[in-house]
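Atoms considered below: every heavy atom in the structure, side chains included; atoms not considered: hydrogens, waters and symmetry mates. We name chains A, B, ... by the order of the sequence lines, and we start the count at 1 in each one.
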Amino acid sequence: MDKEDGAVNRFHLKHVYESQQFDRELLDTLFRVADEIKADLIRGDRSRYRLEGKIMASLFYEPSTRTRFSFESAMTRLGGDILTTENARKFSSAAKGETIEDTARIMAGYADAIVMRHYESGSAERAARVSPVPVISAGDGAGQHPTQALLDMYTLKDNFGQIDRLRIVMVGDLKYGRTVRSLCYLLTKYDNIEIVFASPTVCRMEDDIKEYLDRYQVPWSEETELDQVLPEVDCVYMTRIQKERFVVPEEYEEAAGKYILTLEKVRTMKERAIIMHPLPRVDEIPSEVDADPRARYFDQAQNGLYIRMALLYLLLQQA
Amino acid sequence: MDKEDGAVNRFHLKHVYESQQFDRELLDTLFRVADEIKADLIRGDRSRYRLEGKIMASLFYEPSTRTRFSFESAMTRLGGDILTTENARKFSSAAKGETIEDTARIMAGYADAIVMRHYESGSAERAARVSPVPVISAGDGAGQHPTQALLDMYTLKDNFGQIDRLRIVMVGDLKYGRTVRSLCYLLTKYDNIEIVFASPTVCRMEDDIKEYLDRYQVPWSEETELDQVLPEVDCVYMTRIQKERFVVPEEYEEAAGKYILTLEKVRTMKERAIIMHPLPRVDEIPSEVDADPRARYFDQAQNGLYIRMALLYLLLQQA
Amino acid sequence: MDKEDGAVNRFHLKHVYESQQFDRELLDTLFRVADEIKADLIRGDRSRYRLEGKIMASLFYEPSTRTRFSFESAMTRLGGDILTTENARKFSSAAKGETIEDTARIMAGYADAIVMRHYESGSAERAARVSPVPVISAGDGAGQHPTQALLDMYTLKDNFGQIDRLRIVMVGDLKYGRTVRSLCYLLTKYDNIEIVFASPTVCRMEDDIKEYLDRYQVPWSEETELDQVLPEVDCVYMTRIQKERFVVPEEYEEAAGKYILTLEKVRTMKERAIIMHPLPRVDEIPSEVDADPRARYFDQAQNGLYIRMALLYLLLQQA
């Protein structure tokens with residue numbers, strides 16, 4: 001029941017605003033602490049890691065009940081307290097023209113950590129630059145959602161014991177999908193990864209990510225058909241295809257149909273492969289798939305709790 | 001100062017979504033625990049029942065500050081923690097098309113109980129069917145508001161020592177009034193109850209409730225005049241008459257006027273009779289009535305705290 | 001490390017709805033407790049003043065994330081719990097026509113203190129009149145914002161050791177600025193204060209405040225130019241000039257430009273003078289001024305935490 005004290009001491013991040021901030025050593029530390037937290041909670045014990053007397057402020061400039069509750073549950077399970085705002089955009093000084101820097105400076109006087117969701121890419125980093133307390137991005141605009149990427153990586157680690165040598169297909173809206181972008185950055189830290197992008201033509205993965213993968217020598221390929229890829233991968237990472245992206249309605253119907261992971265398709269997957277999804281899901285995974293042992297998206301959401309507890313502890317214990 | 005441990009062990013509900021789930025034994029247990037909690041709090045002590053380390057999530061898809069605060073105060077007074085959402089409808093994954101079942105599954109990973117207010121009848125029951133943690137309805141659409149019915153019953157018990165043999169008139173909008181419907185279900189569990197429905201023609205009690213009362217041999221009658229009923233009842237249960245229900249404005253004026261409980265009318269009531277109202281009240285009870293000892297609507301709201309504390313404890317102590 | 005027990009016992013307020021409720025003795029007590037709290041927190045200790053087991057309800061009928069977080073952080077740092085509502089106006093019984101008195105009576109059953117922000121002047125006082133638990137105004141309409149005035153006074157005391165004999169210029173929108181009005185009331189409690197009002201013609205300080213100052217023999221003057229005043233004052237209290245107040249756009253441009261506190265202007269101020277601002281600020285203080293040691297507006301916001309902790313403790317420890 002010892003804490004990972006050595007590991008904890010090597011965690012040198014102050015803020016979290018993009019997944020590229022993490023190297024393999026930081027990820028290892030984070031995953032080890034998350035493992036211990038998960039073990040405690042599953043046993044019905046309270047977490048051995050504690051943040052009693054610390055306050056986390058949720059500053060959400062656009063609403064995301066799931067992500068907010070995940071962070072707030074994490075802080076509460078650590079014994080800490082929370083201040084919350086569901087929709088600060090309309091409701092706050094931002095509407096009066098205050099800069100994000102001013103807001104961060106003031107909030108830092110009221111809380112020991114700031115979790116920020118913002119509609120503008122780069123906001124969390126701007127806040128971090130002036131804040132004396134840790135700032136954690138909970139997603140910013142079309143930019144990043146680093147803690148989602150961390151929990152995705154942790155889910156891979158949790159299921160396969162390690163991440164090296166995995167073959168992953170990312171499916172759906174890869175152009176606007178913040179989570180798949182963040183995930184790609186982190187996958188480059190591991191060895192012998194292979195990535196397949198399977199998406200309709202209108203929402204293919206952007207070039208900057210492809211170039212980033214090339215730079216780190218991660219092989220990737222593009223497919224428009226899902227069927228021949230499924231039997232060969234260790235992980236199918238599904239995302240939602242949004243109707244709004246398509247100009248021609250027929251194109252949406254065709255694309256959506258092609259990327260629906262029916263139970264029939266699931267049965268072509270390897271026995272030990274897993275299905276992930278950042279959720280919410282709509283039609284792209286029918287509910288009959290939920291009972292298949294390869295379906296791990298609810299465990300994945302649950303892993304978000306453990307990872308965010310580990311992250312909050314690691315950032316705040318040194319503050 | 002012992003706890004009602006025997007009683008507590010006999011409480012076998014997991015979720016609460018409609019008042020029909022309660023039988024007389026469950027109500028007795030609930031009321032006994034509520035009595036003890038009330039005694040503790042009135043003495044200025046903290047409750048002997050504790051839920052330290054447990055988390056309750058308020059998932060309100062339509063706003064209701066009063067009901068939400070009642071539940072959240074209850075959880076806090078038990079030593080538990082809360083996650084809250086004021087208006088999840090616009091703000092959550094629901095807007096993206098996520099099913100209530102998916103939401104419940106994920107929230108159950110973040111909290112030890114889910115209190116759900118929803119605009120759609122049946123939502124809480126759907127959530128309960130998949131949730132590994134207790135789901136409590138805080139009102140769903142035109143359907144039910146079971147904890148309101150529980151606190152109404154507790155208020156009757158609290159005032160009269162028992163509930164059998166009471167004569168109750170329900171006044172106002174009985175057609176759309178969720179609270180009077182839920183209350184009728186529970187009154188059938190007691191003996192020799194008599195119910196009078198006093199309402200304008202456009203908002204009379206629906207047939208399904210009348211048939212339910214018939215089936216359980218609870219005598220009921222309908223009146224359009226309040227005056228001759230008042231001196232004969234033990235309880236006047238007032239509800240708000242909403243202008244929007246009336247097509248012809250003059251009909252509203254007439255109806256509203258008829259069902260206003262003036263101080264003059266109150267004085268025709270029995271000395272030991274009581275006036276209840278689920279609140280908010282507007283004009284139907286003038287504020288001058290508040291000082292009359294028969295006015296119990298503020299005590300009734302306060303009883304909501306004790307009943308919700310008892311209910312949360314009973315549902316969560318076994319989880 | 002003793003508590004200011006004698007002082008605490010002399011604090012005889014029950015509710016706080018306007019700054020005129022405070023006399024010099026109450027302010028002294030409040031500031032002494034705030035000093036102790038500040039010392040504890042800056043040392044990294046938890047506050048010696050505790051409100052464990054007490055609940056504060058934030059009832060915000062219009063949103064103000066900063067003020068709400070300041071109060072909620074204060075209650076949390078004292079060990080108390082919070083119930084919160086971000087925007088009760090649209091979301092609450094108020095929308096159904098419930099009076100503020102009914103709401104206060106019911107909320108008082110759920111919490112040990114009510115912090116109320118309302119869009120209507122006088123609301124907090126109306127709530128206070130019926131509430132069995134302390135009601136604290138967090139700003140009401142065009143009326144008052146008493147805790148802002150308290151933290152402003154505390155900031156003066158904190159910087160100068162005392163408040164007597166200070167010369168203060170209030171700059172900007174003095175007509176609609178709730179904070180400068182509340183501050184004027186409190187300044188009359190001290191000796192040999194001098195106030196200069198520097199504002200565009202369209203938003204000059206109202207006559208009622210000028211008459212109040214006259215009655216208490218506080219000398220005041222009016223200026224439209226800031227430049228010759230700056231070298232002579234101990235404190236520049238800046239406020240935001242809102243475009244909406246001006247009918248002619250050119251007038252706004254001229255006015256705004258005139259009352260911008262550039263670094264060049266700051267350099268004409270006394271070395272020991274200070275710059276205050278209730279925040280949010282927009283253009284009226286360029287960010288390059290932040291590094292000047294005279295800029296105290298972020299400290300001022302931080303003082304809000306200490307003052308609100310002291311106030312909550314003093315109001316609740318006797319309840």
Side-chain angles (χ1 to χ4, degrees), chain B residues 38 41-42 44-47 58 60 62-91 117 240-244 277-287 290 295 297-306 308-309, chain C residues 50-63 65 68 72 75-76 79-118 126-127 129-133 316-319:
Chain B
K38 183 172 183 171
L41 265 58
I42 284 177
D45 294 345
R46 63 177 217 165
S47 165
S58 296
F60 276 55
E62 63 178 18
S64 171
T65 308
R66 178 199 315 284
T67 302
R68 187 167 60 83
F69 271 25
S70 178
F71 271 108
E72 293 181 354
S73 179
M75 190 62 181
T76 306
R77 293 279 187 223
L78 292 163
D81 292 298
I82 48 177
L83 307 180
T84 196
T85 191
E86 195 164 14
N87 191 7
R89 185 176 194 167
K90 275 187 308 187
F91 292 173
R117 168 80 149 231
R240 208 157 44 98
I241 295 182
Q242 294 177 273
K243 213 174 200 155
E244 309 85 82
H277 193 301
L279 305 180
R281 54 111 178 239
V282 187
D283 300 323
E284 63 278 5
I285 307 180
S287 64
D290 299 357
Y297 26 93
F298 291 118
D299 295 338
Q300 182 187 356
Q302 183 68 37
N303 281 336
L305 178 70
Y306 309 132
R308 288 178 178 119
M309 286 178 75
Chain C
R50 307 303 299 163
L51 289 178
E52 254 98 20
K54 300 284 189 183
I55 299 177
M56 180 194 94
S58 296
L59 205 54
F60 276 55
Y61 286 88
E62 63 177 18
T65 308
R68 187 166 61 82
E72 293 182 355
M75 190 62 180
T76 305
D81 293 298
I82 47 176
L83 307 180
T84 196
T85 193
E86 195 164 13
N87 191 7
R89 185 177 195 167
K90 275 187 307 185
F91 292 174
S92 79
S93 305
K96 299 179 187 153
E98 184 175 71
T99 62
I100 197 80
E101 284 84 359
D102 274 18
T103 304
R105 268 189 207 103
I106 292 154
M107 291 301 156
Y110 302 153
D112 303 299
I114 298 167
V115 173
M116 180 181 290
R117 168 79 150 231
H118 206 283
R126 282 174 58 198
R129 227 176 284 133
V130 301
S131 169
V133 307
L316 276 164
Q317 48 87 31
Q318 55 190 346

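Distance check, rounded to the nearest 0.5 Å: OG1 of Thr76(B) to OH of Tyr110(C) gives 13.0 Å. Taking CG from Leu83(C) and OG from Ser70(B), the interatomic distance works out to 10.0 Å, rounded to the nearest 0.5 Å. Atom CD of Gln302(B) sits about 13.5 Å away from atom CZ of Arg105(C), to the nearest 0.5 Å.
In this structure, chain B has a heavy atom under 4.5 Å from the side chain of Leu59(C), while its backbone stays farther away. For chain C, the nearby part of Thr84(B) is the side chain; its heavy atoms alone come within less than 4.5 Å. Interface remark: Phe69(B) contributes backbone and side-chain atoms alike to the contact with chain C (heavy atom separation under 4.5 Å). For Asp290(B), the part sitting under 4.5 Å from any heavy atom of chain C is the side chain, from C-beta outward, and nothing else.
In plain terms, the two heavy atoms of Val282(B) and Gly97(C) that are nearest each other are CG1-O, 4.1 Å. Among all heavy-atom pairs drawn from Pro280(B) and Glu98(C), the shortest one is CB-OE2, 3.3 Å.
Ranked by non-hydrogen atom pairs under 4.5 Å with chain B, the options Ile82(C), Thr99(C), Asp81(C), Ile55(C) are led by Ile55(C).
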Is there a salt bridge (Lys or Arg N to Asp or Glu O under 4.0 Å) between Asp102(C) and Arg66(B)? Walk through the geometry before answering.
CA-CA 11 Å; Asp102(C) 274 18; Arg66(B) 178 199 315 284; over 6 Å; no
Mind running side-chain contact (heavy atoms from CB on, under 4.5 Å) on Met107(C) and Thr65(B) for me, showing each step along the way?
CA-CA 10 Å; Met107(C) 291 301 156; Thr65(B) 308; 4.1 Å; yes
